Number of protein chains: 2
Amino acid sequence: MKASDKVYESLRADIVEWKLAPGTVLGEVEQSERLGVSRTPVREALSRLVADGLAIQQRGRGTVVSEVSEDHVEDLFVLRVALECASARAAANSPKNGSFAQLAQRFERSAHEISVPGTREQYYQLVQLLDDSIDEAANNSYLSNALRTLRVHLQRVRRLAKDNPDRLKASAGEHAAIARAIASGNPEVAAAATTVHLHQSLTHIMTHAVGSERQ
Amino acid sequence: MKASDKVYESLRADIVEWKLAPGTVLGEVEQSERLGVSRTPVREALSRLVADGLAIQQRGRGTVVSEVSEDHVEDLFVLRVALECASARAAANSPKNGSFAQLAQRFERSAHEISVPGTREQYYQLVQLLDDSIDEAANNSYLSNALRTLRVHLQRVRRLAKDNPDRLKASAGEHAAIARAIASGNPEVAAAATTVHLHQSLTHIMTHAVGSERQ
DNA sequence: AGGCACTTCTGTGTATACACTTGAGCCATG
DNA sequence: CATGGCTCAAGTGTATACACAGAAGTGCCT
């Protein structure tokens, strides 16, 4: 793996995990010394971060980690609803949507087990599996690319709100509804279920977020 | 302006104008000599092109201009419908949608003048003005970013189909409908008008495209 | 004569040196 | 005392040199 890739992965992970807080200045020399590589791969990594929207280049001061505000979260979810609904529609229209019935069952089962300790990480993996399955069934590289960069931002926002068991249980049910709609090949229901889920998710973030963020 | 920016703009323009055909290998040394700069800014420009999806990095052979096929066009329009509908909805909900009534009038007027020679360039500028106005009214940076990269690809695809006066006249009417819906503050109508326009646009491309592309 | 291996060459990945822009601090002047 | 200009420093932008990997061509062996 290239050094620039390692730098990019490292910085991106640190940003989405809030180890590098918004407003942090990412100096090229500073980061190259910290990560033990020269400035060139650091520059390339910073360019990619700027392209992703995780950092912005300020004149003279260098690149700084971009801010995350409540307004941004709402804007982010407008885009998310648009993209994930389109993706769900495409997946429901796809001929290879056979695995979604099983996914729906797994979500329904996990809705009952969600209160058991240690199952949370497992649940997040299940969510990612559904996302990946929708992506694959939708089979649209442009959509996938847009969703990929969107999800990077979502990872960062997710840290704003603490998940609680009740929300996770409801979330599992909503995901099951999405999977069922796709399995039955009904694009409108799939899009509607996605809209419902994302609306609930945004509401939860906006009511459980502000004030107590920033670990 | 930075040298890397100039290189990026130059290469992007050449790609969307089909001066650099899909499959063309963009060697770092070759481009640095052609454009009179060192490899470093060329590398940065190529990275940005890859991030935009206009080029892909192949093992050993370097970066090549990405392909454009019919399937890609359909996929592109799935994403376009999702993004532009979301944008139109947001613009219709925005309080500062005052300029759209005037824009609608200008589109209705241009529908009559479209057959006059020399007005085509003027019409395209009007379309861009509408796009920019929607962007500004929607006031969503995530949406704007996604649309910006999308439109780069659209510029390239547009060269696949030749516009004719009839299509442009119909297009002007559809754009007027979008502007009117936004001006009246009706998000659902705005989204529907956008969907109609994009469907017609895609149909036109798919029927007037294949075989006679590649200048 | 064909296939495999070795060598060479082209091109990318990384490091480093140098120039230029910009920002901040200090001094001088109004 | 405040404001404007100058100087110095820090950091980015660009160029170039070097190292390494992959591909192609050629020669040798079977």
Side-chain angles (χ1 to χ4, degrees), chain A residues 1-16 19-67 141 145 148-149 152, chain B residues 1-16 19-67 141 145 148-149 152:
Chain A
M1 183 185 267
K2 294 190 295 185
S4 58
D5 289 337
K6 280 192 290 191
V7 174
Y8 171 72
E9 297 291 341
S10 168
L11 286 175
R12 192 187 61 173
D14 285 351
I15 291 175
V16 300
K19 289 175 183 170
L20 290 171
T24 307
V25 178
L26 301 172
E28 293 180 4
V29 268
E30 173 199 356
Q31 296 302 321
S32 66
E33 286 169 0
R34 185 172 75 95
L35 299 168
V37 293
S38 82
R39 275 181 56 211
T40 311
V42 172
R43 275 185 70 79
E44 189 168 330
L46 290 179
S47 296
R48 292 171 66 181
L49 289 174
V50 170
D52 288 344
L54 289 177
I56 52 180
Q57 276 184 326
Q58 287 191 352
R59 59 168 202 170
R61 268 213 303 166
T63 69
V64 298
V65 180
S66 60
E67 297 288 337
S141 61
N145 274 329
R148 194 169 40 78
T149 72
V152 174
Chain B
M1 184 187 265
K2 295 190 295 184
S4 58
D5 289 338
K6 280 192 288 190
V7 173
Y8 171 73
E9 297 290 343
S10 169
L11 286 175
R12 193 186 62 174
D14 285 351
I15 291 175
V16 300
K19 289 175 184 171
L20 290 171
T24 306
V25 178
L26 303 171
E28 293 179 4
V29 197
E30 173 198 356
Q31 297 301 320
S32 66
E33 287 171 357
R34 184 172 76 94
L35 299 167
V37 294
S38 82
R39 275 181 55 211
T40 310
V42 173
R43 276 186 69 79
E44 188 168 330
L46 290 178
S47 297
R48 292 172 66 182
L49 290 175
V50 170
D52 288 344
L54 289 177
I56 51 179
Q57 278 183 326
Q58 286 192 351
R59 53 164 199 173
R61 269 213 304 166
T63 70
V64 298
V65 180
S66 62
E67 298 288 338
S141 60
N145 274 328
R148 193 169 40 76
T149 72
V152 174

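These figures come from a predicted structure and were not determined experimentally. Proteins get letters first, then strands, A, B, ... in listed order; numbering begins at 1 in each.
- The listed nucleotides are C:dT14, C:dG13, D:dT16; the one nearest the side chain of A:Pro41 is C:dT14.
- For the pair B:Asp5 CG and C:dT21 C1', the computed distance is 15 Å after rounding to whole Å.
- Of the residues A:Val64, A:Asp14, A:Leu46, A:Val42, the one that meets the side chain to side chain contact (heavy atoms under 4.5 Å, CB included) test with A:Leu26 is A:Leu46.
- Distance A:Glu33 CD to D:dT12 P: 11 Å, rounded to the nearest Å.
- The base of D:dT16 lies close enough to the side chain of B:Thr40 for a donor and an acceptor atom to sit less than 3.5 Å apart.
- Taking atom CZ of residue A:Arg48 and atom P of nucleotide C:dG13, one finds them 11 Å apart after rounding to whole Å.
- Closest to the side chain of A:Val37, from the set D:dG13, C:dA15, D:dT16, is C:dA15.
- Rounded to whole Å, atom P of C:dT14 lies 11 Å from atom CD of B:Glu28.
- Between the A:Thr24 side chain and the A:Leu20 main chain, no donor and acceptor come within less than 3.5 Å of each other.
- The distance from atom CD of A:Gln57 to atom P of C:dT21 is 17 Å, rounded to the nearest whole Å.
- Side chain of B:Ser10 to main chain of B:Lys6: no donor-acceptor pair is present (N/O by atom type, distance under 3.5 Å, no hydrogens or angles).
- If you check C:dG11, D:dT14, C:dT14 against the side chain of A:Lys2, the one that comes closest is C:dT14.
- Between A:Ser47 and B:Arg48, every side-chain heavy-atom pair lies at or beyond the 4.5 Å cut-off.
- In this structure, CD of B:Glu44 is placed 14 Å from P of C:dG13, rounded to the nearest angstrom.
- For the pair A:Ser66 (side chain) and A:Leu54 (backbone), a donor-acceptor distance under 3.5 Å is present.
- For D:dG13, the OP1/OP2 oxygens have no side-chain nitrogen or oxygen of B:Ser4 closer than 4.0 Å.
- Rounded to whole Å, atom P of D:dG11 lies 13 Å from atom CG of A:Leu26.
- Look at B:Arg43 and you'll find a side-chain N or O under 4.0 angstrom from OP1 or OP2 of C:dG13.
- Rounded to whole Å, the distance from CD on A:Gln31 to C1' on D:dG11 is 14 Å.
- With hydrogens and angles left out, the side chain of B:Arg39 and the base of C:dG13 share a donor-acceptor pair within 3.5 Å.
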